[in-house]
Amino acid sequence: QVQLIESGGGLVQAGGSLRLSCAAAGRTFSRYTMGWFRQAPGKEREFVAAIYWSGDSTTYVDSVKGRFTISRDNAKNTMYLQMNSLNPEDTAVYYCAAAYQMLISRTPRLYDYWGQGTQVTVSS
């Protein structure tokens with residue numbers, strides 16, 4: 001079992017940057033494929049990025065390619081999302097999620113564990 005805690009959200013102006021962190025409690029973090037999802041008010045939860053449990057494969061939704069970078073440090077049981085060139089359309093609650101030894105997936109229901117979310121607000 002894995003407990004996930006996100007941090008790093010906040011208010012930033014358009015064009016700015018934020019780095020989200022997802023700290024995991026559990027001994028087998030390195031065996032979990034990890035993902036970032038986001039949900040804006042009135043919208044469904046949306047896939048943002050995912051990283052394979054080994055760290056050697058990543059995938060992104062088209063709208064964030066070239067702006068966001070997902071990474072992980074298995075020694076620190078932590079995953080990151082570096083977000084650059086933010087725009088108001090990136091405003092949402094961002095969630096991290098984990099799935100044990102799963103191939104990379106963009107489907108929320110395939111992830112077993114979720115954090116509580118961190119708010120990102122981008123002002124124009």
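- With a 4.5 Å cut-off on side-chain heavy atoms, L81 and V48 count as touching.
- Separating the CD1 atom in I51 from the OG1 atom in T59 is a distance of 11.5 Å, to the nearest 0.5 Å.
- Exactly one residue among M34, R19, R72 makes a side chain to side chain contact (heavy atoms under 4.5 Å, CB included) with Y80. That residue is R19.
- From R31, atom CZ reaches atom CD of Q101 across 5.0 Å, with rounding to the nearest 0.5 Å.
- Remark: W36 CH2 to I70 CD1 distance equals 8.0 Å, nearest 0.5 Å.
- Residues Y32 and Y113 have side chains in contact (heavy-atom distance under 4.5 Å, counting atoms from C-beta outward).
- Remark: S123 OG to Q13 CD distance equals 5.0 Å, nearest 0.5 Å.
- The shortest side-chain heavy-atom distance between N87 and R67 falls under the 4.5 Å cut-off.
- Residues L4 and V2 have side chains in contact (heavy-atom distance under 4.5 Å, counting atoms from C-beta outward).
- Atoms CD and CD, on Q39 and E46 in that order, are 10.0 Å from each other to the nearest 0.5 Å.
- Y111 is connected to M79 through a chain of hydrophobic side-chain contacts under 4.5 Å among Ile, Leu, Val, Met, Phe, Trp and Tyr, so both are in one cluster.
- Neither side chain, T78 nor D73, offers a donor N or O lying under 3.5 Å from an acceptor on the other.
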Under the criterion side-chain contact (heavy atoms from CB on, under 4.5 Å), I'd like the reasoning laid out for R38 against V64: C-alpha separation, chi angles, the key distance, then a yes or no. CA-CA 12 Å; R38 65 187 180 186; V64 308; 4.1 Å; yes

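- Both V93 and F47 belong to a single network of hydrophobic side chains, linked directly or stepwise wherever heavy atoms of I, L, V, M, F, W or Y lie under 4.5 Å apart.
- For F37 and W114, the ring centers sit closer than 6.0 Å to each other.
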